[in-house]
Each structure stands twice: as structure tokens, then as C-alpha cells.
Amino acid sequence: MTERHVSVEIKGRTGIVYLDRPDRRNSYTPLMANQLQQALVELDRDSTVSAIVVTGRGDHFGVGADLGLDWRDVDAHAVESLTRPDQAPWRLQTPIIAAINGDAIGVSLTWAMQADIRIVASTARLAFSFNRVGIIPDRGSMWLLPRLAGFGVAMDLLLTGRTIDGEEFARLGLATHCVPGGDVLASALDLAEEMAERCAPASLTVTKQLMYEFLETDDRLHAYNRERRTLNWVRTLGETLRGIAAFKEKRAPQWQTTKHTTIPAELR
């Protein structure tokens with residue numbers, strides 16, 4: 001039987017993915033990379049899963065690459081093939097929440113940065129420590145961090161590799177919620193369930209898709225027109241009327257789309 005470095009649990013409409021090597025502080029391995037991507041893709045294909053939460057088993061989110069492995073024997077190209085860019089978290093249709101329940105270092109932290117929403121433990125230790133071990137930051141962090149926290153902050157964190165706590169991490173704009181460590185997973189699950197109940201599946205997916213698309217353009221008019229055309233299509237799905245009716249009647253909406261109700265090709 002294949003060793004498991006990642007495990008999956010379904011709770012209501014939320015898929016929970018655990019980095020599951022607590023005896024090794026959830027340190028990162030090629031097998032973990034493979035199983036993490038596989039778990040996310042499979043949950044993304046499941047129409048009953050409205051949100052995905054990724055967290056660490058035990059006291060840590062993940063402390064970076066497993067230094068007990070001889071990484072000289074690991075084929076870098078093989079590792080990259082396990083985490084295909086076309087299946088990166090931001091390309092999946094399901095909202096992903098990183099529940100950073102404890103320390104997140106190096107590649108464990110840059111993975112968490114690929115999630116759509118981050119909740120961090122106030123006492124967690126976080127570091128983009130790459131330059132301290134003679135390698136450069138990975139997983140698009142040099143593209144993303146300046147957009148989240150500004151160029152100066154990104155330069156500081158990436159060049160120094162210094163460790164900060166969860167409170168500073170949130171203050172710098174790298175997480176949107178900072179809570180006590182024992183509350184991280186519960187907070188993430190509450191947020192996931194709120195989205196599942198209160199937000200239309202199709203509009204959630206489209207919002208995520210357009211947000212990432214617009215990060216890559218400075219053409220405001222193009223973005224405005226793309227948003228307007230897509231909004232007109234979303235209105236044809238009937239979810240707006242269902243949402244308004246639920247609001248007026250003070251009840252949960254009864255959505256009829258799924259996250260797989262995608263934008264027609266002619267609108268892309």
C-alpha cells in the first residue's frame with residue numbers, strides 16, 4: 001500500500017485536505033506534492049464539494065522540505081511534473097482556504113500562498129527561508145508577494161528569509177484572518193460553510209476565475225468589458241432571483257447551479 005503523506009476528509013460540503021506527516025512536522029516530500037495535487041483535483045471534480053480547506057495535521061502546517069531526504073537524488077523535473085501548472089490551485093474551480101494552523105516554512109508556506117484565502121494562527125512562525133539554504137523562492141512567490149504586500153515588503157521577506165509570526169503575517173496583508181492556533185481549522189470550516197450556503201456556486205467560480213485573470217492585465221477597459229459581459233451571462237442563470245428571494249424570505253438560498261457551470265467559450 002502506498003504511504004500516505006496527505007489525507008482527505010469530507011465534512012458537509014467542505015473537503016478537508018491534511019498535510020499528514022505530524023511525526024515529521026508535515027515536512028514536504030515529492031510524494032506529498034503528488035498526493036496533494038491529486039486530492040485537490042479530485043475534490044475539484046466533485047460537484048458536492050463547495051470549498052476546500054488545506055491544513056496540517058498536528059501542531060504545524062508544514063516546515064518546508066524534509067531535510068532527512070537526500071534531495072540530490074530527487075529529480076527536480078520529476079517533482080515539477082507532479083505539480084502541473086494547469087492544475088495549480090488558482091486554476092481550479094473550487095475556492096481553496098489555507099488553514100495555517102502552525103509553523104509554515106519554505107515550500108510549505110509558498111504552497112499556502114497559492115490558496116485563495118489564508119487563515120493563520122497568531123503564534124505560527126512563518127518564513128520564506130529559501131535564500132538561507134542557498135535556493136530561490138518558488139511556486140510563483142516572487143510574482144505574487146509584491147502584489148499582495150507591496151514590493152518593499154516582498155523584498156524584505158524574500159531576501160532576508162526572516163521569520164515572522166502570524167500577527168505580522170496578517171498585518172502585512174498575507175492572510176485575511178488571524179486567530180488563536182486552536183481556532184484555525186474551525187474558523188476555516190465556518191468560512192467554507194458560509195460560502196457554501198450563502199454564495200451561488202457558479203458565481204463563486206466565475207469570481208475566482210476573473211480575479212486571477214485580471215491580476216495579469218493592466219488593461220482596465222478590457223477587464224471592465226469582460227466583467228460586464230460575464231455579469232450579463234450570470235444573470236441568465238437565475239441565481240440572482242433565487243438569492244434575492246431567499247434574502248427577502250430570511251432563509252438559506254436554494255442554488256441550482258454548480259461550480260462546474262462555466263463561462264461559455266464565446267464570452268472568454
Side-chain angles (χ1 to χ4, degrees), residues 6-20 26 36 39-40 42-44 46-62 88-104 108-109 111-124 126 144 148-149 165-212 215 239 242-243 246-247 250-255 257-260:
V6 167
S7 59
V8 176
E9 176 185 344
I10 303 293
K11 186 172 184 179
R13 289 169 287 189
T14 302
I16 310 172
V17 180
Y18 291 94
L19 308 181
D20 206 345
N26 299 324
L36 176 56
L40 293 176
E42 289 178 357
L43 289 170
D44 193 54
D46 187 341
S47 294
T48 68
V49 173
S50 298
I52 299 170
V53 171
V54 181
T55 194
R57 184 79 73 181
D59 296 330
H60 304 278
F61 183 81
W90 64 86
R91 293 194 180 277
L92 301 181
Q93 294 170 298
T94 315
I96 300 173
I97 302 170
I100 307 174
N101 56 304
D103 295 355
S108 302
L109 181 54
W111 192 92
M113 298 309 299
Q114 296 179 94
D116 306 309
I117 299 172
R118 283 167 295 282
I119 299 175
V120 66
S122 58
T123 56
L126 308 111
L144 180 62
L148 288 176
D165 63 19
E167 290 186 356
E168 184 175 1
F169 190 74
R171 180 178 61 78
L172 293 173
L174 299 175
T176 51
H177 306 265
C178 181
V179 300
D183 297 338
V184 170
L185 180 56
S187 297
L189 292 175
D190 286 347
L191 189 59
E193 183 59 28
E194 182 179 358
M195 286 193 293
E197 180 175 321
R198 296 294 177 182
C199 301
S203 66
L204 273 179
T205 295
V206 170
T207 298
K208 173 175 174 173
Q209 178 181 339
L210 293 184
M211 287 284 285
Y212 283 112
L215 265 183
E239 296 289 60
R242 297 179 193 108
F247 178 79
K250 298 181 179 181
R251 58 171 174 80
Q254 296 177 328
W255 306 119
T257 59
T258 75
K259 63 187 180 185
H260 297 138

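Every heavy atom of this structure was used, including side-chain atoms; hydrogens, water molecules and symmetry mates were not. Residue numbers start at 1 and run along the sequence shown.
Every side chain to side chain donor-acceptor pair (under 3.5 Å) that D44 has, sequence neighbours left out, goes to T94. Taking the side chain to side chain contact (heavy atoms under 4.5 Å, CB included) definition, one finds that L43 meets it with V8, I10, V17, V49, I52, sequence neighbours left out. In terms of the side chain to side chain donor-acceptor pair (under 3.5 Å) criterion, residue partners of S47 (sequence neighbours excluded) are, by chain and number, H260. Listed by chain and residue number, nothing satisfies the side chain to side chain donor-acceptor pair (under 3.5 Å) test with Q114 (two or more places apart in sequence, or in another chain). Residues satisfying the side chain to side chain contact (heavy atoms under 4.5 Å, CB included) test with A98, not counting sequence neighbours, are I100, A112, A115, R118. Residues satisfying the side chain to side chain contact (heavy atoms under 4.5 Å, CB included) criterion with S7, sequence neighbours excluded, are Y18, D20, R57. Residues satisfying the side chain to side chain donor-acceptor pair (under 3.5 Å) test with N101, not counting sequence neighbours, are T55. With sequence neighbours left out, the side chain to side chain contact (heavy atoms under 4.5 Å, CB included) criterion links A246 to R251, P253.
Between I119 and V184 the shortest heavy-atom distance is O-CG1, 3.9 Å. Of all non-hydrogen atoms in A99 and A188, the two that sit nearest each other are CB-CB, 3.8 Å. Nearest approach of A121 to C178, heavy atoms of both residues: C-SG, 4.5 Å.
Evaluation of the salt bridge (charged side-chain N to carboxylate O under 4.0 Å, His left out) test over residues 165-177, restricted to residues two or more places apart or in two chains, returns R162-E168, E168-R171. Here side-chain hydrogen bond (donor to acceptor under 3.5 Å, both in side chains) pairs that include residues 172-187, with residues two or more places apart or in two chains, number zero.
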All N/O donor-acceptor pairs, side-chain side in residues 189-205, below 3.5 Å, sequence neighbours left out:
residue	atom	partner	partner atom	Å
E193	OE2	R13	NH2	2.4
S203	OG	A200	O	3.0
T205	OG1	Q93	O	3.1
T205	OG1	P201	O	3.3
T205	OG1	K259	O	3.2

Pair F61-N26, side chain to side chain contact (heavy atoms under 4.5 Å, CB included): steps then yes or no: CA-CA 7 Å; F61 183 81; N26 299 324; over 6 Å; no
Audit row: L109, F169, side chain to side chain contact (heavy atoms under 4.5 Å, CB included) steps and yes/no: CA-CA 11 Å; L109 181 54; F169 190 74; 3.9 Å; yes
Candidate pair W111 and L36, rule side chain to side chain contact (heavy atoms under 4.5 Å, CB included), full reasoning: CA-CA 10 Å; W111 192 92; L36 176 56; 3.4 Å; yes
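Put simply, CD on E239 and OG1 on T257 are 3.5 Å apart, with the number rounded to the nearest 0.5 Å. With values rounded to the nearest 0.5 angstrom, D116 atom CG is found 8.5 Å from I97 atom CD1.
When the shell of 6.0 Å around CD of Q254 is examined, it contains 12 or fewer heavy atoms from other residues, nucleotides or ligands.
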